[in-house]
Amino acid sequence: RGEFQRVKSLVESHGLNPNGIEPNKNESNLIPVIAAAKIGNLEMVKLLIENGAELNRSEIKTKTNITHAVAQHGHLAVMKYLIEIIPKEGLVTLLNAQDAEGRTAARIAAWEGHHNILKLIGPYSKLNQSDFEDRTPLFAACYMQHIDTVVQLLQFDDVDPNRTDIDHRSPLTISATQNQIEICRQ
């Protein structure tokens, strides 16, 4: 609570830029609103956004944006808030933006097994969009053996369970080679 009050004072009373500093291209950049989202600090995320934090920014090296960070760490309350405040067009753009490895927020959430995040973002996400190795969210969920996530993804009409990756493997192939009978039954 003390850190929140200190940041609130710095932003509101002292004019601290809620977007952080502008790094040069050779430096790492820590964007305050993304840092707050990574740890699930909804109160801090709200404060920074209310004071002008730009949501379309991403980290230079990783190309991680705020939806990627929330999807990776599974912070449901933060994702619900973002869905409420970001206009649909902007939300679709952020969710389907690719990080440095070509992963979208849905692909990241699937890898981590955050099926509740996928339930929220699925209607705004291109669920067959693949990373740079042609791996979709369904492929990631199967590979990581997250059955609840596989089930959640298969509830969306636009998920293609037969799509293959760069090595010509389907999600079913991956599940079968890992002896994941429950996933294979889905």
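Numbers here simply count residues along the sequence, with the first being 1. On a predicted model such as this, the values are computed, not experimentally measured, just so you know.
When the side chains of ILVMFWY residues are joined at heavy-atom separations under 4.5 Å, either directly or via intervening members, L154 and L127 end up in a single hydrophobic cluster. Cluster membership check: L48 shares its hydrophobic cluster with V70, using side-chain heavy-atom separations under 4.5 Å among Ile, Leu, Val, Met, Phe, Trp and Tyr. Hydrophobic clustering, with ILVMFWY side chains joined whenever heavy atoms are under 4.5 angstrom apart, keeps I108 apart from M144. Note: the hydrophobic cluster containing I49 also contains L120 (ILVMFWY, side chain heavy atoms under 4.5 Å, direct or indirect links).
In this structure, the side chain to side chain contact (heavy atoms under 4.5 Å, CB included) partners of P123, at least two apart in sequence or on a different chain, are F156. Taking the side chain to side chain contact (heavy atoms under 4.5 Å, CB included) definition, one finds that K119 meets it with Q152, sequence neighbours left out. Evaluation of the salt bridge (Lys or Arg N to Asp or Glu O under 4.0 Å) rule for D165 yields R135, R169 as partners, not counting sequence neighbours. Partners of D157 by salt bridge (Lys or Arg N to Asp or Glu O under 4.0 Å), not counting sequence neighbours: none found. When the side-chain hydrogen bond (donor to acceptor under 3.5 Å, both in side chains) test is applied to T64, the partners found at least two apart in sequence or on another chain are T62.
With a 4.5 Å cut-off on side-chain heavy atoms, I121 and T67 do not count as touching. Side-chain contact between Q129 and T136 is absent, with no heavy-atom pair separated by less than 4.5 Å. Contact annotation: the side chain of N65 never approaches that of R57 to less than 4.5 Å [non-hydrogen atoms, C-beta and beyond]. P161 has its side chain out of reach of P171: every pair of non-hydrogen atoms, C-beta onward, lies at least 4.5 Å apart. Here the side chains of S125 and T104 are not in contact, with every heavy-atom distance at 4.5 Å or above. With contacts defined as side-chain heavy-atom distances shorter than 4.5 Å, the pair T149/L118 qualifies. Between N162 and S170 the shortest side-chain heavy-atom distance does not fall below 4.5 Å.
Side-chain atoms of R163 and S130 include a donor-acceptor pair closer than 3.5 Å.
Applying the ring pair (Phe, Tyr, Trp, His ring centres under 6.0 Å) test to every pair with at least one member in residues 113-137, sequence neighbours left out, gives no pairs at all. Listed by first and then second residue, the ring pair (Phe, Tyr, Trp, His ring centres under 6.0 Å) pairs involving residues 85-111 are W111-Y143 (not counting sequence neighbours). Residue pairs that meet the ring pair (Phe, Tyr, Trp, His ring centres under 6.0 Å) test with at least one member in residues 39-66, sequence neighbours left out, do not exist here. Within the structure, every pair that satisfies the salt bridge (Lys or Arg N to Asp or Glu O under 4.0 Å) test and touches residues 105-117, not counting sequence neighbours, is listed here: R107-D131.
If you take CD1 on I31 and CD1 on I60, they are separated by 7.5 Å, rounding to the nearest 0.5 Å. Between the OG atom of S175 and the CG atom of L138 there is a distance of 8.0 Å, given to the nearest 0.5 Å. Here the CG atom belonging to D99 is positioned 9.5 Å from the OG atom belonging to S58, to the nearest 0.5 angstrom. Taking CD1 of I34 as the start and NE2 of H68 as the end, the distance is 9.5 Å to the nearest 0.5 Å. Summarising the geometry, atom CZ belonging to F139 is positioned 13.5 Å from atom CG belonging to L153; distances are rounded to the nearest 0.5 Å.
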List the atom pairs, donor and acceptor, that lie under 3.5 Å between side-chain atoms in residues 71-88 and the rest of the protein, sequence neighbours left out.
unit_1 : atom_1 : unit_2 : atom_2 : d
H75    : NE2    : K38    : O      : 2.9
H75    : NE2    : G40    : N      : 3.3

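Closest approach of V33 to A53, counting heavy atoms only: CB-CB, 4.0 Å.
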